*Asks:* 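One structure follows; several queries about it will come next.
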Amino acid sequence: MMEEEELEFVEELEAVLQLTPEVQLAIEQVFPSQDPLDRADFNAVEYINTLFPTEQSLANIDEVVNKIRLKIRRLDDNIRTVVRGQTNVGQDGRQVKEITRDIKQLDHAKRHLTTSITTLNHLHMLAGGVDSLEAMTRRRQYGEVANLLQGVMNVLEHFHKYMGIPQIRQLSERVKAAQTELGQQILADFEEAFPSQGTKRPGGPSNVLRDACLVANILDPRIKQEIIKKFIKQHLSEYLVLFQENQDVAWLDKIDRRYAWIKRQLVDYEEKYGRMFPREWCMAERIAVEFCHVTRTELAKIMRTRAKEIEVKLLLFAIQRTTNFEGFLAKRFSGCTLTDGTLKKLESPPPSTNPFLEDEPTPEMEELATEKGDLDQPKKPKAPDNPFHGIVSKCFEPHLYVYIESQDKNLGELIDRFVADFKAQGPPKPNTDEGGAVLPSCADLFVYYKKCMVQCSQLSTGEPMIALTTIFQKYLREYAWKILSGNLPKTTTSSGGLTISSLLKEKEGSEVAKFTLEELCLICSILSTAEYCLATTQQLEEKLKEKVDVSLIERINLTGEMDTFSTVISSSIQLLVQDLDAACDPSLTAMSKMQWQNVEHVGDQSPYVTSVILHIKQNVPIIRDNLASTRKYFTQFCIKFANSFIPKFITHLFKCKPISMVGAEQLLLDTHSLKMVLLDLPSIGSQVVRKAPASYTKIVVKGMTRAEMILKVVMAPHEPLVVFVDNYIKLLTDCNTETFQKILDMKGLKRSEQSSMLELLRQRLPAPPSGAESSSSLSLTAPTPEQESSRIRKLEKLIKKRL
């Protein structure tokens, strides 16, 4: 039983003494040892076998046991010594704590003693200072008082926690009484030196008042404010008399005299009183700011009384002089006295970040900058705000309707002048740099808009800017109607204006007058101008939103005007398309009237194709050259023409009936020729061959391929019926009975023959069975389809040879 308990104890001990490899390695480095007993992997059995390798060695076992017991006793002695050493250390720690406690007590005593000495010194200084302060106050020795008062107040702060002591409280009350007496005395001295009424003020300041200002800096801030208020009021009293409302110099035409007067007063102040007031009081700026307050009030009052006499020139003159004066104040003063007022928050002009606020360019430069995208250049660094902006000129805002009405009138006259100039000078001359160029009147209009925006933004960023925006909208629409749409060539001789219905109206077989070279250039010029106006109007809207107050941004919306210019662009493109389309109509009509059943052999392209190509080669290069700066709209023209011409060509194709096999082959050749010309349309007649846009090529390929498929169906034999019907369904993806009926008419089949074929088509349209599809594919490889494909290859070789 005892042995089991010992084994368990040994196992528990080994588990506790099991050290990590890192700790064991550290021990071996600090206490290197070769003794097997110190190894971490000590094995008792191996150790005993080492001591007694043979039976004969057991003879000296007693000696070995004695040595091990000696080692154990020495180890016990070492452990006992270490434990006793730790006990002594604990006792030493308690002694140190006792010594430290004694030192702390001595420190506290020293600190309290020092505080008592310092407090007694402060009390002595306070008592003596209060006595001296009262004596100096009676003798008006403000220079000495200023230094002493600050010291006394600093010392008094140390006694806040001792106010419960009667003597300390009495000294504090004497200091407050001395401050009150000083304040009243200084105010009385200033009232005597600068009386509000009666006699003229003395010629210059005194040293007493200068020192009194230093004292006022230390006293209650209300004393300083009262001094400033009295001085400024007395300083501006003459101004109120000279520029009373009933005086002739008070009106706007003599507003310069007001600003000249205050400039003289500021110079006079610097000479006489500049050294009397402390620099941090900023007295000169305060005088100027108060002058601005008074002037704004007086001007607002007199303008309300004489509102009917305000003319735009007089108003702009007064505003210009006022903003110049505000700029003068900004250069001379920092505006630090405005931080506690509301005028600091008056609207300041936004930075120049749009094309209308840059240095004014000529109309040509304005146009060039727009075309090159200079309107998107990085913004200029923001100019520092003028803290005095609006401090006086704010009073003119209620009367800016005069300015807005004037701009309304001026812009109306400008539009009328543009109309008259256009009639006098005529459209841009062809074959010159003017062809397709932006009309100069457009740049003139936006330059004038720029001037109006700059002026109005300097005056107000509130409701007047909204009113000016409304005027801008009105004349943007008028420019679009009178200058752009109004000068588009008319497609008919009727006196009515250009409308969508007239653009889309087509009189089949009638002769439509083709536009002259001058008219084509004019249309392109109007299109380019409308694009310029569209882009610039969009930026105008953005810059107006940057200028107006944040609460008014939602009321700036020029979308309607941009839509108007987009309509002009669409109308111009439609006119160009209609003109070329109409020029091709007689040729298509001639195609439909040809006797295609009498064509005996396939030759070169037909005369009507040559005529269509001729018209395309005449018009398209002119349009492309004049729309070089607006490439995307030339692409739109090409797409719209393709969308108009190809369906019309297919419509006329259906009118060609009946058609013989050879006639169908000739038509297929003509269709392929037209397809190649249309694919080359964007770069036709150009020395620089440019790949046509993918969107345009897709439209041409899809439309003209359908025409080719129609002709291929016509060329195919109509017997057997199933093969013919399946061939039709395979070649034409948009197959229907109506198209099938037209194809049968082109083949010259009788109605009795057509009925059975139509019925067969209706049966096979929903879901043709797989057997029919396989038979159709097999029959297509029969000799007759091979002969048809042979003819197609011959046609293609003929076309390549001709090209």
Side-chain angles (χ1 to χ4, degrees), residues 591-592 594-602 606 646-647 649-675 701-799:
M591 176 189 77
S592 62
M594 287 180 65
Q595 300 298 319
W596 292 102
Q597 75 273 22
N598 297 329
V599 177
E600 297 179 353
H601 63 276
V602 178
S606 302
I646 294 175
F649 172 73
I650 293 176
T651 301
H652 282 77
L653 198 61
F654 285 132
K655 295 178 182 179
C656 300
K657 55 188 178 181
I659 303 176
S660 65
M661 178 66 69
V662 178
E665 291 178 355
Q666 181 63 50
L667 272 174
L668 187 59
L669 171 65
D670 295 340
T671 302
H672 188 78
S673 299
L674 285 174
K675 178 180 177 181
V701 170
K702 182 179 179 182
M704 295 306 289
T705 300
R706 183 171 186 268
E708 291 175 341
M709 292 301 105
I710 290 171
L711 290 171
K712 287 184 180 181
V713 174
V714 172
M715 291 170 61
H718 61 277
E719 291 181 353
L721 298 182
V722 174
V723 175
F724 179 75
V725 171
D726 289 346
N727 195 29
Y728 166 74
I729 294 173
K730 180 179 179 181
L731 293 178
L732 292 176
T733 55
D734 57 340
C735 53
N736 55 61
T737 55
E738 183 181 355
T739 304
F740 190 64
Q741 176 83 54
K742 292 178 181 179
I743 290 176
L744 296 179
D745 290 339
M746 293 173 70
K747 291 179 70 65
L749 298 177
K750 297 179 181 180
R751 292 291 177 181
S752 58
E753 295 178 285
Q754 294 181 13
S755 58
S756 59
M757 300 179 75
L758 287 170
E759 184 61 31
L760 180 61
L761 174 68
R762 293 189 185 97
Q763 293 175 2
R764 303 185 74 82
L765 267 181
S770 59
E773 289 180 0
S774 60
S775 64
S776 173
S777 61
L778 289 173
S779 59
L780 283 175
T781 62
T784 303
E786 283 180 359
Q787 294 173 2
E788 187 266 341
S789 63
S790 175
R791 292 191 186 100
I792 295 297
R793 285 196 294 271
K794 290 179 181 178
L795 287 174
E796 291 176 350
K797 290 180 181 178
L798 183 62
I799 291 168

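Predicted model, so just to flag it, every value in this text is computed and none were measured. Just the heavy atoms: all of them, side chains too, but no hydrogens, waters or symmetry mates, feed the values below.
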*Asks:* side-chain contact (heavy atoms from CB on, under 4.5 Å) between Met591 and Leu667: does it pass, once the steps are laid out?
*Replies:* CA-CA 9 Å; Met591 176 189 77; Leu667 272 174; 4.2 Å; yes
*Asks:* Okay, side chain of Ser660, backbone of Trp596: is any donor-acceptor separation there less than 3.5 Å?
*Replies:*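 The answer is yes, because a donor-acceptor pair under 3.5 Å joins these two groups.
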*Asks:* Under the salt bridge (Lys or Arg N to Asp or Glu O under 4.0 Å) test, which residues partner Lys675, sequence neighbours left out?
*Replies:*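 Lys675 satisfies salt bridge (Lys or Arg N to Asp or Glu O under 4.0 Å) with Glu708 once adjacent residues are dropped.
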*Asks:* Checking Thr739 now: which residues fulfil side-chain hydrogen bond (donor to acceptor under 3.5 Å, both in side chains) with it, not counting sequence neighbours?
*Replies:*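 Applying side-chain hydrogen bond (donor to acceptor under 3.5 Å, both in side chains) to Thr739 gives Asn736.
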*Asks:* Can you tell if the side chain of Asp670 reaches within under 4.5 Å of the side chain of Phe649, non-hydrogen atoms only?
*Replies:*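 Contact flag for Asp670/Phe649 side chains = no.
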*Asks:* Identify the heavy atoms of Ala664 and Ile659 that sit nearest to each other, and give their distance.
*Replies:*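 Closest approach of Ala664 to Ile659, heavy atoms only: N-CG2, 3.2 Å.
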*Asks:* Which heavy atom in Val602 sits nearest to a heavy atom in Glu665, and how many Å separate them?
*Replies:*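 Closest pair (atom of Val602, atom of Glu665, distance): CG2-OE1, 3.4 Å.
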*Asks:* Which value, rounded to the nearest 0.5 Å, describes the distance between Leu674 atom CG and Leu669 atom CG?
*Replies:*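 These two atoms lie 10.0 Å from each other.
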*Asks:* Taking atom NZ of Lys657 and atom CD of Gln597, what is their separation to the nearest 0.5 Å?
*Replies:*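 Answer rounded to 0.5 Å: 12.5 Å.
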*Asks:* Rounded to the nearest 0.5 Å, what separates atom NZ in Lys742 from atom NZ in Lys655?
*Replies:*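 It comes to 9.5 Å.
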*Asks:* Between CD1 of Ile743 and CG of Leu653, what distance do you get to the nearest 0.5 Å?
*Replies:*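 Separation between the atoms: 9.5 Å.
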*Asks:* Would you name the heavy atoms of Cys656 and Ser592 that are closest together and state the gap between them?
*Replies:*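 Residues Cys656 and Ser592, closest heavy atoms: SG-CA, 3.6 Å.
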*Asks:* If I take atom CD1 from residue Ile650 and atom CD1 from residue Ile710, how far apart are they, to the nearest 0.5 angstrom?
*Replies:*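 That separation rounds to 5.0 Å.
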*Asks:* Roughly how far apart are Leu731 CG and Thr705 OG1, rounded to 0.5 Å?
*Replies:*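 Atom-to-atom, Leu731:CG and Thr705:OG1 are 11.5 Å apart.
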